[in-house]
Amino acid sequence: MNITVEKTMEMPDVVLFARKLDAALKAEHKKRKEFYSMIEDERKMEFINGEIYFQSPAKFRHTEAVGNLVLLMRAFVINKKLGIVGSEKMLISLTRNDYEPDICFFEADKAKNFRPDQMQFPTPDLVVEVLSESTRRHDRKIKFDDYAAHGVKEYWIVDPKSETVEQYELDGEDYRLLLNSADGSIESPVISGFSIPVKAIFREKDNLDTLRKILSD
C-alpha cells in the first residue's frame with residue numbers, strides 16, 4: 001500500500017481530510033447495508049469500493065475452468081480433511097468490500113466454526129479468481145490488493161482464454177509471484193500436498209486423470 005500514515009500526517013489539512021473521509025465512509029456503509037438487503041441467490045453480486053456490481057453470465061470456458069478446479073480441489077481437501085472449499089456464491093466480507101470469489105479455501109481450524117445457515121464468511125486462506133472481460137480489472141488490481149491486505153495467504157489468477165495460471169503467495173504485506181505458466185504443475189503451499197497439472201484445469205482428459213490419482217491416494 002503506497003499511502004502510509006506517516007505521509008498522510010504530513011498533510012497540513014489532514015484533519016479536514018479525515019472529516020471528509022469519515023463522511024464518505026458513513027455514506028458507503030449505508031449503501032453497503034442496502035446491498036445486503038438486495039442479495040439474490042440467483043445472481044452473483046459484489047460490493048466493491050462503494051459500488052454494487054452484478055456479474056454477467058459467464059462464458060463456457062470460464063465455467064469449465066471453475067468446475068474443473070473445484071472438482072479437484074474439493075476432492076483432495078475432503079479426502080485429506082483439510083478444511084472447506086467454496087465456490088461462486090460464498091460471500092466474503094472484508095473490512096470494506098464484499099466479494100464472491102470463483103473458488104476459496106478455508107483451513108480446518110477456521111472452517112470448523114462455520115454454521116449451516118451462515119451467509120457471510122471471513123478471509124479465506126486461498127482464493128482463485130477466473131478472469132472474464134467484466135472482472136479482469138478488479139481481479140488484477142482491487143481484489144489483488146485487498147486480498148493481500150487482509151491476509152489471504154495464496155491467490156491464483158486463472159485465465160481460461162490463454163489457459164494459464166498465475167500463482168501468488170503472501171510475503172509480508174505483498175504478493176510474490178510463484179508461477180505463471182500454461183504447462184507443468186502447480187503446487188499449493190496452503191493446501192498441503194495439493195499438486196496438479198496446469199492443463200487439468202482446462203482439459204477434460206487431464207482433469208479426469210488427475211481426479212483418479214487424487215481419489216486413489
Side-chain angles (χ1 to χ4, degrees), residues 35 38-48 51-79 82-93 97-106 111 119-121 124-144 146-147 152 154-168 179-188 190-191 194-215:
F35 163 77
M38 294 169 57
I39 292 175
E40 303 171 5
D41 291 340
E42 296 80 13
R43 301 187 68 179
K44 184 172 181 177
M45 301 170 60
E46 297 183 314
F47 188 84
I48 304 175
E51 298 296 329
I52 298 171
Y53 290 87
F54 297 87
Q55 299 300 329
S56 303
K59 293 181 178 179
F60 180 67
R61 62 180 175 231
H62 181 282
T63 58
E64 283 292 283
V66 172
N68 288 340
L69 185 50
V70 166
L71 181 64
L72 300 178
M73 197 174 283
R74 187 169 284 163
F76 184 87
V77 167
I78 291 174
N79 194 33
L82 297 176
I84 288 177
V85 175
S87 63
E88 296 284 87
K89 288 296 292 177
M90 288 191 81
L91 187 68
I92 307 303
S93 294
N97 296 323
D98 298 276
Y99 305 117
E100 291 186 343
D102 289 307
I103 305 170
C104 53
F105 165 73
F106 300 89
M119 294 183 63
Q120 291 176 259
F121 297 86
D125 296 290
L126 180 151
V127 166
V128 179
E129 294 287 7
V130 178
L131 297 178
S132 63
E133 293 305 317
S134 62
T135 66
R136 182 179 298 269
R137 179 172 60 87
H138 287 160
D139 294 341
R140 289 198 174 281
K141 180 54 183 171
I142 295 175
K143 292 184 180 181
F144 189 95
D146 212 5
Y147 289 150
V152 175
E154 188 175 351
Y155 183 35
W156 296 15
I157 297 177
V158 176
D159 189 336
K161 190 173 183 179
S162 63
E163 296 191 351
T164 58
V165 180
E166 296 169 39
Q167 180 191 27
Y168 297 88
L179 178 76
N180 184 358
S181 181
D183 297 298
S185 296
I186 180 168
E187 182 173 356
S188 172
V190 169
I191 304 178
F194 183 70
S195 178
I196 60 170
V198 171
K199 292 189 183 300
I201 302 172
F202 309 105
R203 309 289 175 86
E204 189 175 77
K205 183 181 183 306
D206 294 279
N207 185 266
L208 187 57
D209 290 343
T210 305
L211 180 61
R212 288 194 184 107
K213 184 177 183 302
I214 287 172
L215 294 177

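The main-chain N or O of I201 is never found under 3.5 Å from a side-chain atom of N207 such that the two would form a donor-acceptor pair. Remark: the backbone N or O of V85 is paired with a side-chain donor or acceptor of R74 at under 3.5 angstrom. Under the 3.5 Å distance criterion, the side-chain polar atoms of K205 are left unmatched by any main-chain donor or acceptor of A200.
For the atom pair CZ (R137) and NZ (K141), the distance works out to 11.5 Å, reported to the nearest 0.5 Å. Distance check, rounded to the nearest 0.5 Å: CG of L72 to CG of L215 gives 9.0 Å. Rounding to the nearest 0.5 angstrom, the gap separating the CG atom in L71 from the CG atom in L211 is 4.5 Å.
When all heavy atoms of V198 and S181 are compared, the pair lying nearest together is CG1-O, 3.7 Å. Between E163 and A182, the shortest heavy-atom contact is O-CB, 3.3 Å. The nearest pair of heavy atoms linking S188 to Q167 is CA-NE2, 3.9 Å. Minimum interatomic distance between E46 and K143 (heavy atoms only, all atoms of both residues): OE2-NZ, 3.0 Å. Closest approach of L91 and I39 over heavy atoms only: CD2-CD1, 3.7 Å. Nearest heavy-atom pair, V130 versus H62, reported as atom, atom and distance to 0.1 Å: O-NE2, 3.1 Å.
Checked by atom type, the side-chain pair Y53/E51 shows no donor-acceptor distance below 3.5 Å.
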- So L179 and E187, side chain to side chain contact (heavy atoms under 4.5 Å, CB included) or not? Walk me through it. CA-CA 9 Å; L179 178 76; E187 182 173 356; over 6 Å; no
- Take D159 and I157 through the side chain to side chain contact (heavy atoms under 4.5 Å, CB included) test and state the conclusion after the steps. CA-CA 7 Å; D159 189 336; I157 297 177; 5.9 Å; no
- Message: Could you walk me through whether K44 and D102 satisfy the side chain to side chain contact (heavy atoms under 4.5 Å, CB included) test, starting with their C-alpha distance in whole Å, then the side-chain angles of each, then the deciding distance to 0.1 Å, before giving a yes or no?
- Response: CA-CA 10 Å; K44 184 172 181 177; D102 289 307; 3.2 Å; yes
- Between D125 and E154, does a side chain to side chain contact (heavy atoms under 4.5 Å, CB included) hold up when you go through it step by step? CA-CA 7 Å; D125 296 290; E154 188 175 351; over 6 Å; no
- E129 and Y99: side chain to side chain donor-acceptor pair (under 3.5 Å), yes or no, with the steps? CA-CA 11 Å; E129 294 287 7; Y99 305 117; over 6 Å; no
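Residues Q55 and T135 form a side-chain contact, since some pair of their non-hydrogen atoms from C-beta on lies under 4.5 Å apart. Using a 4.5 Å heavy-atom threshold, the side chains of L69 and I196 count as touching. Using a 4.5 Å heavy-atom threshold, the side chains of I214 and F194 count as touching. In this structure, I103 and W156 have side chains that are not in contact, with every pair of non-hydrogen atoms separated by 4.5 Å or more. Between M38 and F47 the shortest side-chain heavy-atom distance does not fall below 4.5 Å. Between I84 and V77 the shortest side-chain heavy-atom distance does not fall below 4.5 Å. The closest side-chain heavy-atom distance from M90 to P101 is not below 4.5 Å.
A salt bridge does not link D209 with K213: every distance from a Lys NZ or Arg NE/NH1/NH2 to an Asp or Glu carboxylate oxygen is 4.0 Å or more.
Other residues, nucleotides and ligands contribute over 12 non-hydrogen atoms within 6.0 Å of the CD atom of E40. Heavy atoms from other residues, nucleotides or ligands lying under 6.0 Å from NZ of K59 number 12 at most.
Below 30°, between 30° and 60°, or above 60°: for F121 and F106 the angle between ring planes is between 30° and 60°, a tilted geometry.
For Y168 and Y147, the gap between ring centers reaches or exceeds 6.0 Å.
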